[in-house]
Amino acid sequence: FSEVSGGGAGNLAGGKGGLVNWTGGNNAGNLGVQTGGRMNWGGGSVLGSLSVLGGAAMNWSGGNNLGPITVASNGVLNITGGGVKFLRNVLTNAGTVTWSGGDISEYGPGRVENLAGGLWDIQNDLHIYNNSDDAAYFRNAGTLRKSGGSGTATITFQLFNSGTVAVQQGLLNFDFGGTIEGTFNAAAGTTVRFFGGSFDYAIPPVLNGPGTYQFTSGNLALINNVIPNLQMIGGTVSLGVNFQGGTITNLAAPALSGNYTVSGTLNCSGGVAGSLTVANGGLVNWTGGNVSSNFLVLGGGTVNWSGGTVLSNLSVLGGATLNWSGGSLGVYGGPANSSLFVASNGVMNLSGSDLKWLIGGLTNAGTVTWSGSGYINVYNPGRVENLPGAVWEIQNDQRIVNNSASASYFHNSGTLLKSGGTGTTSVEIPLTNSGLVSVQLGLLNFFSGGTIEGTFNAAGGTIVRFSGGSFDYAIPPVLNGPGTY
């Protein structure tokens with residue numbers, strides 16, 4: 001039996017049957033616990049190496065290591081007590097580490113090597129902190145297990161896993177990225193969460209068990225396909241060049257980073273930091289986030305847009321369909337370079353109750369159908385160009401609202417048609433008309449002046465009203481039909 005409270009200047013070894021209680025001071029040499037020996041480490045610093053041999057046990061309740069710690073096969077290290085344990089060098093485990101108490105705080109170059117055959121058993125809801133060194137990591141080639149604690153244990157080291165991660169209770173949270181290979185087992189009612197940093201792999205991990213696996217924040221690189229059983233709730237996903245054969249065929253992702261083509265179905269809630277092409281047969285359900293570069297919908301492709309912002313160019317080519325029920329073209333106060341183009345034989349349907357923000361140029365050479373109860377909110381430089389041969393069909397009694405500047409306008413050289421809604425539709429940006437305006441139902445009100453040339457047709461019982469702003473013309477308009485002007 002040895003009681004050490006002031007450290008030592010040389011090497012110290014706990015032999016078979018020996019017990020060392022170490023409570024303070026520095027040990028300048030190497031410290032070893034031999035087979036059959038025990039050590040209770042409650043304070044002080046190891047300046048040299050610390051070794052726990054097979055058949056030996058060390059109980060670590062306080063103190064910090066400046067030198068490396070090695071736990072041999074059949075050796076035991078119990079990390080206990082409420083005090084913080086300072087890890088300032090590598091901890092290599094080939095035996096069993098049981099962590100039941102106290103956070104572990106890393107200061108460079110602290111890191112963990114859990115070797116093949118080694119067990120690191122978490123019996124708490126505590127935290128391994130990374131306080132100084134981005135190179136800190138937890139490399140697991142053995143077994144990393146959470147067997148106790150119904151709450152959350154968090155590892156803020158990079159995880160390099162090629163072994164087994166098993167969660168038997170609570171939630172195990174990895175929030176500093178790493179390489180996620182090997183096998184994960186999550187028991188019923190438990191969760192493995194990848195929460196922050198950048199995660200990748202060369203060999204896809206196997207996610208087993210009835211528990212939940214979540215990617216919620218940070219970055220995730222997918223190589224060939226999605227990871228089965230992994231819920232991608234938040235964060236940003238990037239895809240390998242051979243992902244699903246080179247185009248997206250079935251992916252639900254929060255946000256994407258990179259330039260991609262969709263030939264199947266993409267459900268995207270966080271936008272795309274890059275460009276996106278929707279091929280023939282492709283379907284994108286876009287509910288939020290920004291698309292920062294070109295967004296191209298080819299013939300036969302479909303986009304359901306219910307939220308999010310176009311920061312660049314959105315083009316709907318002939319034979320393609322865009323269903324716009326919510327979201328914004330452009331950013332208020334942002335760059336004036338967002339645009340939406342509907343090509344000849346392209347279709348855009350404006351529907352639903354949410355308002356649509358038009359803060360960029362909308363050019364239509366195909367067919368736009370505006371239904372639903374949501375109005376269109378125009379901010380400078382928002383504007384509409386309805387080209388020759390194009391149709392803008394109104395099937396509601398709503399408003400195009402001018403919220404900022406007189407530079408906004410509706411330029412119609414095609415057909416502007418009100419075919420639905422028995423009440424009033426108001427166009428509250430200046431109208432420049434050289435095409436056809438046709439009212440088949442209700443009242444169409446132009447509220448902000450403009451140039452009224454071209455042809456107007458008003459069916460029986462309908463009204464075309466010019467009610468605000470300054471109107472002019474060079475060529476007098478032709479006002480046809482039994483309706484009222």
Side-chain angles (χ1 to χ4, degrees), residues 316 318 321-325 340 342-356 358 362-378 382-402 408-485:
V316 183
T321 301
L322 171 65
N323 299 311
W324 184 6
S325 60
L340 195 163
V342 182
S344 178
N345 296 316
V347 173
M348 179 170 73
N349 299 308
L350 299 165
S351 63
S353 59
D354 289 346
L355 62 85
K356 289 73 179 174
L358 186 60
L362 193 166
T363 301
N364 177 41
T367 299
V368 173
T369 302
W370 178 26
S371 63
S373 58
Y375 60 87
I376 299 172
N377 208 349
V378 181
R383 58 202 181 277
V384 176
E385 294 278 356
N386 199 46
L387 301 180
V391 176
W392 183 290
E393 183 173 0
I394 302 168
Q395 297 180 351
N396 59 26
D397 299 320
Q398 290 300 325
R399 302 164 62 199
I400 299 178
V401 179
N402 186 354
S408 299
Y409 60 80
F410 193 115
H411 184 189
N412 177 50
S413 53
T415 298
L416 174 59
L417 169 67
K418 184 175 179 355
S419 64
T422 58
T424 300
T425 298
S426 291
V427 178
E428 299 171 18
I429 57 177
L431 170 71
T432 301
N433 186 65
S434 59
L436 171 66
V437 176
S438 179
V439 181
Q440 298 175 350
L441 279 174
L443 188 157
L444 183 55
N445 183 35
F446 297 101
F447 190 72
S448 196
T451 299
I452 48 173
E453 299 179 349
T455 301
F456 291 74
N457 292 329
T462 70
I463 299 174
V464 177
R465 180 175 293 162
F466 307 101
S467 66
S470 297
F471 295 94
D472 60 21
Y473 57 85
I475 302 173
V478 178
L479 308 182
N480 293 325
T484 301
Y485 295 92

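Computed from a predicted structure; not experimentally measured.
- Side chains of Trp392 and Val384 form a contact here, defined as non-hydrogen atoms less than 4.5 Å apart.
- Nearest heavy-atom pair across Val439 and Thr462 is O-OG1, 3.5 Å.
- Applying the salt bridge (charged side-chain N to carboxylate O under 4.0 Å, His left out) definition to pairs two or more places apart or across chains, those involving residues 426-445 are Arg399-Glu428.
- Atom CZ of Phe456 is surrounded by more than 12 heavy atoms from other residues, nucleotides or ligands within 6.0 Å.
- With rounding to the nearest 0.5 angstrom, the OG atom of Ser371 is 11.5 Å from the CD1 atom of Ile394.
- Legend: residues meeting ring-ring contact (aromatic ring centres under 6.0 Å, His included) with Trp324, ordered by chain and number and at least two apart, are Trp305.
- Looking only at atom types and distance, the side chain of Asn445 has no donor-acceptor partner in the side chain of Thr424 under 3.5 Å away.
- Results of the side-chain contact (heavy atoms from CB on, under 4.5 Å) test with Thr455 over Leu436, Val437, Asn433 single out Leu436 as the only residue that passes.
- One finds the CE atom of Met348 at 10.5 Å from the CG atom of Asn323 (value rounded to the nearest 0.5 Å).
- Partners of Phe471 under the side-chain contact (heavy atoms from CB on, under 4.5 Å) rule, at least two apart in sequence or in another chain, are Phe446, Ile452, Phe466.
- The side-chain contact (heavy atoms from CB on, under 4.5 Å) with Thr425 is formed by just one residue from the set Leu441, Ile400, Asn396; it is Asn396.
- Considering every non-hydrogen atom in both Gly372 and Gln398, the closest pair reads O-CG, 3.8 Å.
- Rounded to the nearest 0.5 Å, atoms OG (Ser325) and CG (Asn349) are 10.5 Å apart.
- In this structure, Ile429 and Phe410 approach most closely via the heavy-atom pair CD1-N, 3.7 Å.
- Residue-environment remark: OH (Tyr473) stays at or below the threshold of 12 foreign heavy atoms within 6.0 Å.
- Taking the side chain as every heavy atom from C-beta outward, Leu387 and Thr363 approach each other to under 4.5 Å.
- Scored by the side chain to side chain donor-acceptor pair (under 3.5 Å) test, Thr369 finds no partners at all (sequence neighbours excluded).
- Note that the CD1 atom of Ile463 and the OG1 atom of Thr484 stand 5.5 Å from one another [nearest 0.5 Å].
- To the nearest 0.5 Å, atoms CG (Leu417) and CD (Glu393) are separated by 4.5 Å.
- Scanning for side chain to side chain donor-acceptor pair (under 3.5 Å) contacts around Asp354 gives an empty result, with sequence neighbours left out.
- Contact between Gly423 and Asp397 at its shortest, heavy atoms only, is N-OD2, 2.9 Å.
- Atom OG of Ser408 is separated from atom CG of Asn402 by 5.0 Å, given to the nearest 0.5 angstrom.
- When all heavy atoms are compared, the tightest approach of Gly318 to Ala343 is N-CB, 3.9 Å.
- Lys356 and Leu350 make their closest contact through CG-CD2, 4.3 Å (heavy atoms, listed as atom of the first residue, atom of the second, distance).
- When side chains are defined from C-beta on, Glu385 counts as touching Tyr409, because their heavy atoms get closer than 4.5 Å.
- In this structure, the side chain to side chain donor-acceptor pair (under 3.5 Å) partners of Asn364, at least two apart in sequence or on a different chain, are Asn386.
- With a 4.5 Å cut-off on side-chain heavy atoms, Leu479 and Val464 do not count as touching.
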